[in-house]
Amino acid sequence: MPATVHVRELTADDLAEAWELGRFAFGSNPQRPPHATEVVPGMTRYGAFDDTGRLVGKAVDLHHDQWWSGRAVPAADVAGVAVAPEARGRGVARAMLSALLRGARERGAAVSALYPTIAAPYRACGWEAAGVLRTVDLATAALPRHRPDPRLTVRAGTAADLPAVAALYERVTRHRNGPLTRRGELFDFHAADGGLPGDALTLVEDGGDLVAYASWERGRGYGADSVLTVDEALATTADAARELVGVLGSWASVAPTLRLCPLDGDAVSVHLPLESAREHERDLWMHRPVDVARAIATRGWPGHVRGAVNFALTDALAEWNTGTWRLSVADGAGELTRTGGEADLRLDVRGFALLYAGAARARSVVEAGLLHAVGADPDALDLLGAGGPAQLLDYF
């Protein structure tokens, strides 16, 4: 491959070639999915081209927002990164990700997440492992039995119920860290296709108000290997969660296995026999800031947290993040301002990602070599992770 690579946004004329590159890299079905070669609002596709004009790499910036303690933080979530085999190991992915971060910053993004097939290349570009999306299998018969509550109504949902489902999802997730808001052009575009997210939707209502839902896929057969896959099960009250779990447990005679992604500590998970769960799949996700000042200013912070700390940050790929900063948090808001001089706490951007996502404490980041404390107490940087660990619910 020639020594130079040219990165630009892909046009409609490039999309068929980009899809073929991705299909080849990931071993996908040769049948093109809907919208694969259409311009889709809410995403920016980047391509890397060699000197002959051949496409040798692609990456996608998904214009998501993530919930962080009650506030929607604009994100550049990365997907579909693929490099032609002849071009690998020559800096193509790094060039694309550098351009993606720059473009994402220009459009207002603050943070970024991705699911890697291999972590090392993304670590070299400033992302760090921050959590795992777990899919577990439970014995359906082990779900707690529940006598139906006459105060609650259980019914099948329809497409007309999807706005209420979206509102309940937001109610459950908005005060957490990390989940997608599922708002914006990209989600609106796919929602326009209509229909339910799975085979069926089960709703629990209290006085006409939606208090729990589960979207699920029945799967095939009714023997020992039959699986009921729950795409999502959320509730806003303990009674509604028990009712929902009871409905799922009623499948025991024909679907011995229940498969789902639990949300840590939510109303549904505390009623599941997670001690007997078997891990079906685990998807590592990684995080990094796009613009550190924006990442601090746009997120929510616990109201009881107050403090300030100075630190120096190094970010080789997004040089606008490099420098000495002062973090101040008070009254549910944070601010990051540039300061002059040196700082005793010297943080790598991957360490910033770990702290911001609540994936590690500052002393652990020191032990990982991503924070250097020169005669200073590293615990002061735990301020950056106030609010608890992040969790994703969507795979992209």
Side-chain angles (χ1 to χ4, degrees), residues 67 70 133-176 178-182 191 195-219 221-222 224 226-280 388 391-394:
W67 285 122
L133 177 64
R134 292 187 306 129
T135 304
V136 301
D137 286 350
L138 297 168
T140 313
L143 268 62
R145 296 302 177 189
H146 174 64
R147 180 174 297 175
D149 189 331
R151 299 169 300 168
L152 301 175
T153 300
V154 179
R155 67 175 178 87
T158 69
D161 296 303
L162 293 180
V165 167
L168 189 145
Y169 166 85
E170 181 167 315
R171 181 178 172 185
V172 170
T173 58
R174 68 175 295 130
H175 295 291
R176 290 175 171 262
L180 303 189
T181 65
R182 298 183 184 169
L196 298 176
D199 289 340
L201 179 65
T202 296
L203 308 180
V204 181
E205 296 175 326
D206 186 351
D209 295 327
L210 183 66
V211 287
Y213 73 86
S215 58
W216 44 272
E217 298 175 27
R218 169 63 182 89
Y222 55 90
S226 180
V227 177
L228 182 74
T229 300
V230 178
D231 298 312
E232 197 160 83
L234 298 177
T236 57
T237 70
D239 289 340
R242 281 189 286 267
E243 195 79 12
L244 197 62
V245 171
V247 172
L248 297 175
S250 72
W251 284 94
S253 62
V254 291
T257 298
L258 179 74
R259 182 169 294 159
L260 80 165
C261 295
L263 179 61
D264 292 342
D266 80 314
V268 173
S269 292
V270 300
H271 295 289
L272 298 176
L274 294 175
E275 72 283 355
S276 62
R278 304 184 308 276
E279 191 169 88
H280 170 72
Q391 185 176 8
L392 293 185
L393 277 179
D394 294 89

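Heavy atoms only: backbone and side chains are in, while hydrogens, waters and symmetry mates are out.
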Nearest 0.5 angstrom please: [X] [atom1] to [Y] [atom2], how far?
X	Y	atom1	atom2	result
Asp199	Glu217	CG	CD	5.5 Å
His280	Leu138	NE2	CG	12.5 Å
Thr237	Asp149	OG1	CG	9.0 Å
Tyr169	Leu234	OH	CG	8.0 Å
Leu143	Leu272	CG	CG	6.0 Å
Leu210	Thr153	CG	OG1	11.0 Å

Kindly give the heavy-atom pair with the smallest separation between [X] and [Y], and that separation in Å.
X	Y	answer
Ala212	Ala235	CB-CB, 3.6 Å
Val268	Ala233	CG2-O, 3.6 Å
Asp161	Ala156	OD2-O, 4.5 Å
Glu243	Pro148	OE2-CA, 3.6 Å
Trp67	Leu180	CD1-O, 3.9 Å
Ala277	Val136	CB-CB, 4.0 Å

Does atom CZ of Arg134 have more than 12 heavy-atom neighbours from other groups under 6.0 Å away?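 12 or below, so no.
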Under 6.0 Å from the CZ atom of Arg171, do we count more than 12 heavy atoms belonging to anything else shown?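 12 or below, so no.
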Got [X] and [Y] here, is their nearest side-chain heavy-atom distance under 4.5 Å?
X	Y	value
Arg151	Asp239	yes
Thr202	Leu248	no
Pro197	Leu162	yes
Trp216	Leu228	yes
Val245	Pro144	yes

Closer than 4.0 angstrom, basic N to acidic O: yes or no for Asp266 and Arg176?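 Result for this pair is no, no salt bridge flagged.
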Distance-only, no hydrogens or angles: does the [X] side chain make a donor-acceptor pair with backbone N or O of [Y] under 3.5 Å?
X	Y	result
Gln391	Asp264	yes
Thr236	Val211	yes
Ser269	Leu263	yes
Thr257	Asp137	no
Thr140	Ala252	no

Evaluate the criterion side chain to side chain contact (heavy atoms under 4.5 Å, CB included) for residue pair Val254 and Ser226; output intermediate values, then yes/no. CA-CA 7 Å; Val254 291; Ser226 180; 5.8 Å; no
Arg242 vs Leu152, side chain to side chain contact (heavy atoms under 4.5 Å, CB included): CA-CA, chis, key distance, verdict: CA-CA 11 Å; Arg242 281 189 286 267; Leu152 301 175; over 6 Å; no
